[in-house]
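Scroll down for the structure; my scribbles are underneath it.
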Amino acid sequence: MVTGKGGTGKTTVAAALALALAADGGSVLLVETEGRQGIAQLFDSPPLPYEERRVAVARGGGVVKALAIDVEEALLDYLDMFYNLRRAGRALRKMGAIDFATAIAPGLRDVLITGKVKEAVTRRKDGRQVYDAVVVDAPPTGRITRFLGVTGEMSQLARSGPIKTQSDGVMAVLRSPQTAVHLVTLLEDMPVQETADAIAELQAAGLPIGSVVVNMAAEQVLPAAALARAATGELTGADLAPGLAAATLPGGDELADALAAEVVEHARRWAAQDALRDEVEALGRPTLELPLLPGPMDLGCLFELAGRLEDHLRTSGATGVPA
Amino acid sequence: MDLDALIADRETRIVVCCGAGGVGKTTTSAALALAAAEAGRTVVVLTIDPARRLAQSLGLVELDNEPRRVDVPGAPGELHAMMLDMKRTFDDVVTAHSTPERAQQILENPFYQALSSSFSGTQEYMAMEKLGQLRASEQWDLIIVDTPPSRSALDFLDAPNRMSRFLDGTMIRLLMAPSRTGFKFASAGFLLFSRIVSKILGGQLLRDISAFVAALDTMFGGFRERATATYELLRRPGTWFVVVASPEPDALREASYFVDRLSAEQMPLAGLVLNRTHPPATTVLSATRAQGAAEEVAEAGGDDAALAAAALQVHADRMQQAAREQHLADRFTSAHPEVAMRTVPAAAGDVHDLDGLRVMAEALTGPDGDTPTGTPRTRVLSARRG
């Protein structure tokens, strides 16, 4: 499960994680839960149907398939699976009744999604597991515990009925060491705070927590002494001018001052991020930093991030996938 | 976009800040509210989920679901701030609209407890409800609303209708009593549906829902009318939407959806705030030239080379980032040429005090073309010449 506050890039991290887990011949399913078609955009493929479709090939013949869960279709599956009612279900959809059913019990949505995930995780063919790993681009940190726990809640609300049996099975998988909830954050106040909150909530709900992924971290280029001086705002164009003289540059002193202003801002941003880095460390989870890559996000970038995730998984052991 | 004139205008009564999660809606709302108080308005800002330090600086330490005055030294107006407590707001509506016994029944119903505290959509619905209450109290001449961090910015507009459709109870009553007189005409399809729903959800849940709806009976009108009235409020003159986005493809896509939706609903859009941009301090040196110069400087060596080369590298990265942001902004503008835009440069760290908010307010409301770099506030990079 990959979660994170909105805007932290959890879809990108989920996609890169799927590639990392598929390296060396693995078979991985990447699941989209929020109907945004973000995965299709990342892999530069047409909008995903409600169907497991190959989106990428990883090193060593590994395969990443992707599935965008459509809640209505999932409900039809469910009706079919448990009650042999697919045709009746289609008629109901025409009446708008399914829309209504998901509206009266908004948690039904989450139940259907987690149910589908559990099905993919446990699916077997010819005595073998179909997927080595299932990576879920899950709802954001603010909703993650509810998303994962709502099935348990449903099983309490629905004290009888077949949904009770089904939800107990789903919760067993979600609470098992087979599952890991990875949290994506930026080095900014709100995402770090939400990550801390989510970890506390997940812990209280007995859900297994994986790594914290710090996304889009700036890389430091300044010499250490200059960095400290710049952060206090004391660095000026005059500090840069002697070194700059070696190159032919337009703008003269004004350019040196402008560059100094950018360096000061860079150093301050770095200092603010560095303070938050300590807070992330204090969360006590295995942590991985992914760099802010220049330019638009494309498949090449995804593979680069996947490489870093692979190294991290090897060293931290926090995969959610039994060895 | 002239936000300065918009918030100073006494005709402006409600400003709604919306957009995808993580783009800075809360700080934008708070900064606008501060600017309004300093322009002499009596303003209240309804925040949904502010960062802790920002909440503290706004005096939002007590969660009492009521606005608190924030001390803004020297401001001619008044700034009040509150944080939405959705469960409490829901409980208050229930208590205000039913007899004590009925209210008790509802508050104790397991389905109500789940609905009011955890189900998605409740937050949006209650934000809308609270907005209606604040507006009705006539205590403030301007209300600035931050919207919940939903999956989609559109949820703010859609969720209340979804909820009130449910609370209206028609479907539920059909489900629960298909055989009662008056429902003789219930189709075979409907009977089948009600059986399926009770199969899937289990009988107990349906009984809880039914008891909840029965207890709500007296308030149906109340719920629906209130939701409709608040929705209408958003369409009235005096209400303005400000769409907030960061220069990221996803955030701008959400902004795009929202802009289209507002125009379809004939709701007034003030413009787009492109938040957290990274304008360079100078554009005379391109990224490519800066990179080349960095190499040149490094090769020349000497004591000062490392620092100068690093500074040139910082500038090259900055130019690249700004070019990417400008490209995204241009793409939005070509798709929505009628939408005014204003860029707000990223602060070095997070905004968590009045001073930080004031800097942001200045970027939001200050006159265009008056930035230290001379770059117009509608642009990340200065415009191409000619």
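In what follows, chains are A, B, ... by sequence order, proteins preceding strands, each numbered from 1.
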Contact leader toward chain B among A:Ala272, A:Pro250, A:Ala256, where contacts are heavy-atom pairs under 4.5 Å: A:Pro250
For B:Met83 versus B:Ile48, what's the shortest heavy-atom pair and its separation? CG-O, 4.0 Å
Between the side chains of A:Glu265 and B:Arg318, is the shortest nitrogen-to-carboxylate-oxygen separation below 4.0 Å, so that they form an ion pair? yes
Residue from A:Thr141, A:Val13, A:Ile144, A:Val192 passing side-chain contact (heavy atoms from CB on, under 4.5 Å) with A:Leu183: A:Thr141
Could you look at B:Ser246 and say if it's the side chain, the backbone, both or neither that has a heavy atom under 4.5 Å from chain A? neither
Closest non-hydrogen atom pair between A:Lys10 and A:Pro139, with its separation: CE-C, 4.1 Å
Go through the side-chain N and O atoms of A:Gln220 and A:His266 and say whether any donor and acceptor fall under 3.5 Å apart. yes
Quick one, B:His315 with B:Thr282, criterion side-chain contact (heavy atoms from CB on, under 4.5 Å). Give me CA distance, side-chain angles, the key distance, then yes/no. CA-CA 9 Å; B:His315 178 69; B:Thr282 173; 3.8 Å; yes
Could you look at B:Ala294 and say if it's the side chain, the backbone, both or neither that has a heavy atom under 4.5 Å from chain A? neither
Criterion side-chain contact (heavy atoms from CB on, under 4.5 Å) on A:Asp298 and A:Asp44, from CA distance to verdict: CA-CA 8 Å; A:Asp298 59 15; A:Asp44 217 356; over 6 Å; no
Examine the side chains of A:Thr11 and A:Asp137 and answer whether a donor and an acceptor come within less than 3.5 Å of each other. yes
Heavy-atom cut-off 4.5 Å, strictly under: side chain, backbone, both or neither for B:Pro249 against chain A? neither
Would you say CG of A:Asp278 has more than 12 non-hydrogen atoms from neighbouring residues, nucleotides or ligands within 6.0 angstrom? yes
Starting from the C-alpha separation in whole Å, work towards a yes-or-no answer on side-chain contact (heavy atoms from CB on, under 4.5 Å) for A:Lys5 and A:Gln193. CA-CA 10 Å; A:Lys5 184 174 159 49; A:Gln193 180 186 312; over 6 Å; no
Find the one option among B:Glu299, B:Glu295, B:Arg253 whose heavy-atom pairs under 4.5 Å with chain A are most numerous. B:Arg253
Please flag which part of B:Val297 lies under 4.5 Å from any non-hydrogen atom of chain A: side chain, backbone, both or neither. both
Is it true that B:Glu296 and B:Arg289 have a side-chain N and a carboxylate O under 4.0 angstrom from each other? no
Indicate whether the side chain of B:Gln113 and that of B:Asn109 have a donor and an acceptor atom separated by less than 3.5 Å. no
Contact origin within B:Ala251 toward chain A - heavy atom pairs under 4.5 Å: neither
Name the region of B:His327, side chain, backbone, both or neither, that has any atom closer than 4.5 Å to a heavy atom of chain A. neither
Among A:Arg268, A:Glu188, A:Gln273, which residue has the highest count of heavy-atom pairs closer than 4.5 Å to chain B? A:Glu188
A:Asp197 versus chain B, heavy atoms under 4.5 Å apart: side chain, backbone, both or neither? side chain
For the pair A:Thr12 and A:Leu42, evaluate side-chain contact (heavy atoms from CB on, under 4.5 Å) and give the outcome as yes or no after the intermediate values. CA-CA 7 Å; A:Thr12 308; A:Leu42 274 176; 4.2 Å; yes
If you count heavy-atom pairs under 4.5 Å with chain A, which of B:Leu328, B:Asp317, B:Asp304 comes out on top? B:Asp304
When the 4.5 angstrom heavy-atom criterion is applied to A:Thr8 and chain B, the contacting part is neither
Between the side chain of B:Gln326 and the main-chain N/O of B:Val380, is any donor-acceptor distance below 3.5 Å? yes
Atom CG of residue position A:Asp253 - does it have more than 12 heavy atoms of other residues, nucleotides or ligands inside 6.0 Å? no
Has B:Asp350 got a side-chain atom pairing as donor or acceptor with A:Asp189's backbone, closer than 3.5 angstrom? yes
Okay, A:Leu276 and chain B: the region with an atom under 4.5 Å from a heavy atom over there is side chain
Among A:Ala246, A:Ala247, A:Ala267, A:Ala225, single out the residue with the greatest number of heavy-atom pairs under 4.5 Å to chain B. A:Ala247
Under 4.5 Å, heavy atom to heavy atom: which of residues 227-236 of chain A reach chain B? Give them by number, or say none. A:Leu235
Classify the side-chain pair B:Ser382/B:Thr283 by whether it contains a donor and acceptor separated by less than 3.5 Å. yes
Residue by residue, which of residues 305-314 of chain B have a heavy atom closer than 4.5 Å to a heavy atom belonging to chain A? B:Ala306, B:Leu307, B:Ala308, B:Ala310, B:Ala311, B:Leu312, B:Gln313, B:Val314
Side chain, backbone, both or neither: which part of A:Glu254 has an atom under 4.5 Å from a heavy atom of chain B? neither
